Amino acid sequence: MDDLYRDYILEHYRRPHNFGPLQAPTVSREGANPLCGDRITIELGIRNGVVDQVGFTGRGCAISQASASLLTDEIKGKTVEQVVAFRADDLLDLLGIEISPARLKCAMLSLETVGGALGDLDPKPTPAANAS
């Protein structure tokens, strides 16, 4: 089963979804992992409290780039509150394989960057009271 997920991750690395800049993003944030050199820029287009556009650019290892591809697929069409409530375990579930402690920072770079971008919104979003 791990081989199937590895192929899945490599496919997202080779042909990432939502790769490329947006024309007029609502928020944009760059993130980096200085330990390995991964870099990513996440751009979000938000309309009426919903992430209706998302794009990313960057370079890095297969885990960081696949993670960004999977995360951008997941958050598109979600409310800002739903995106804020998205957790590390949710992203690890999307990746579907065990991530070593050394690679965890690579896997979480996109989620940390999205969180930073959302933190730049005014007013600051907070998770809905009943979100889990």
Side-chain angles (χ1 to χ4, degrees):
M1 196 63 147
D2 274 356
D3 288 338
L4 182 63
Y5 279 109
R6 282 188 192 99
D7 289 344
Y8 175 67
I9 288 169
L10 287 174
E11 186 62 26
H12 273 274
Y13 173 67
R14 290 183 189 118
R15 292 179 191 84
H17 301 179
N18 306 302
F19 191 84
L22 299 182
Q23 287 287 336
T26 307
V27 290
S28 177
R29 176 63 73 103
E30 184 176 341
N33 180 354
L35 299 175
C36 67
D38 293 341
R39 299 188 74 74
I40 191 168
T41 300
I42 300 269
E43 297 180 333
L44 303 173
I46 299 169
R47 189 181 334 192
N48 299 323
V50 174
V51 176
D52 71 338
Q53 293 182 309
V54 60
F56 80 97
T57 57
R59 66 185 189 290
C61 69
I63 294 293
S64 73
Q65 299 300 291
S67 173
S69 178
L70 289 162
L71 180 62
T72 58
D73 278 349
E74 186 67 21
I75 66 173
K76 191 186 293 184
K78 299 265 195 307
T79 66
V80 169
E81 290 78 15
Q82 288 172 311
V83 176
V84 168
F86 198 82
R87 300 287 174 236
D89 286 344
D90 300 322
L91 184 53
L92 291 174
D93 286 346
L94 289 177
L95 286 167
I97 62 169
E98 286 293 318
I99 303 292
S100 70
R103 301 305 299 269
L104 196 55
K105 185 90 172 141
C106 301
M108 293 299 117
L109 179 59
S110 59
L111 184 59
E112 292 169 5
T113 306
V114 165
L118 292 175
D120 290 343
L121 287 175
D122 195 27
K124 305 281 184 257
T126 56
N130 60 356
S132 34

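Treat the numbers as computed from the prediction; the structure is a model and nothing was measured.
When side chains are defined from C-beta on, Met108 counts as touching Leu92, because their heavy atoms get closer than 4.5 Å. In this structure, Leu22 and Leu44 have side chains that are not in contact, with every pair of non-hydrogen atoms separated by 4.5 Å or more. Residues Gln53 and Arg47 have side chains not in contact (no heavy-atom distance under 4.5 Å, counting atoms from C-beta outward). Tyr8 places a side-chain heavy atom less than 4.5 Å from the side chain of Leu70.
Here the closest non-hydrogen pair linking Ser67 and Leu91 is OG-CD2, 3.3 Å. The shortest heavy-atom contact between Ser64 and Cys61 is OG-O, 3.1 Å. Taking both residues in full, the closest heavy atoms of Ala107 and Leu95 are given as CB-CD1, 3.8 Å, listed atom of the first, atom of the second, then distance. Here the closest non-hydrogen pair linking Asn18 and Ser69 is ND2-O, 4.3 Å. Annotation for Arg103 and Ile63: closest pair NH2-CG1, 3.7 Å, computed over non-hydrogen atoms. Contact detail for Gln65 and Gly58: the closest heavy-atom pair is OE1-O, 3.5 Å.
From Arg59, atom CZ reaches atom OG1 of Thr41 across 10.0 Å, with rounding to the nearest 0.5 Å. Note that CZ of Arg14 and CD1 of Ile9 are 12.0 Å apart. Values are rounded to the nearest 0.5 Å. The line from OG1 of Thr113 to CG of Asp38 is 10.0 Å long, rounded to the nearest 0.5 Å.
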Leu71/Phe86 under side-chain contact (heavy atoms from CB on, under 4.5 Å): CA gap, chis, key distance, verdict: CA-CA 10 Å; Leu71 180 62; Phe86 198 82; 3.5 Å; yes
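In the hydrophobic cluster analysis, where Ile, Leu, Val, Met, Phe, Trp and Tyr join through side-chain heavy atoms closer than 4.5 angstrom, Val50 is grouped apart from Leu118. When the side chains of ILVMFWY residues are joined at heavy-atom separations under 4.5 Å, either directly or via intervening members, Ile42 and Tyr13 end up in two distinct hydrophobic clusters.
The aromatic rings of His12 and His17 lie tilted to each other, with the angle between the two planes from 30° to 60°.
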Give the table of side-chain donor-acceptor pairs shorter than 3.5 Å for residues 26-34, with sequence neighbours excluded, one pair per line with atom names and distance.
| unit_1 | atom_1 | unit_2 | atom_2 | d |
| --- | --- | --- | --- | --- |
| Thr26 | OG1 | Ile46 | N | 2.9 |
| Thr26 | OG1 | Ile46 | O | 3.4 |
| Arg29 | NE | Asp120 | OD2 | 3.4 |
| Arg29 | NH2 | Gly116 | O | 3.2 |
| Arg29 | NH2 | Asp120 | OD1 | 2.8 |
| Arg29 | NH2 | Asp120 | OD2 | 3.1 |
| Glu30 | OE2 | Arg39 | NE | 3.1 |
| Glu30 | OE2 | Arg39 | NH2 | 2.3 |
| Asn33 | OD1 | Leu35 | N | 3.1 |

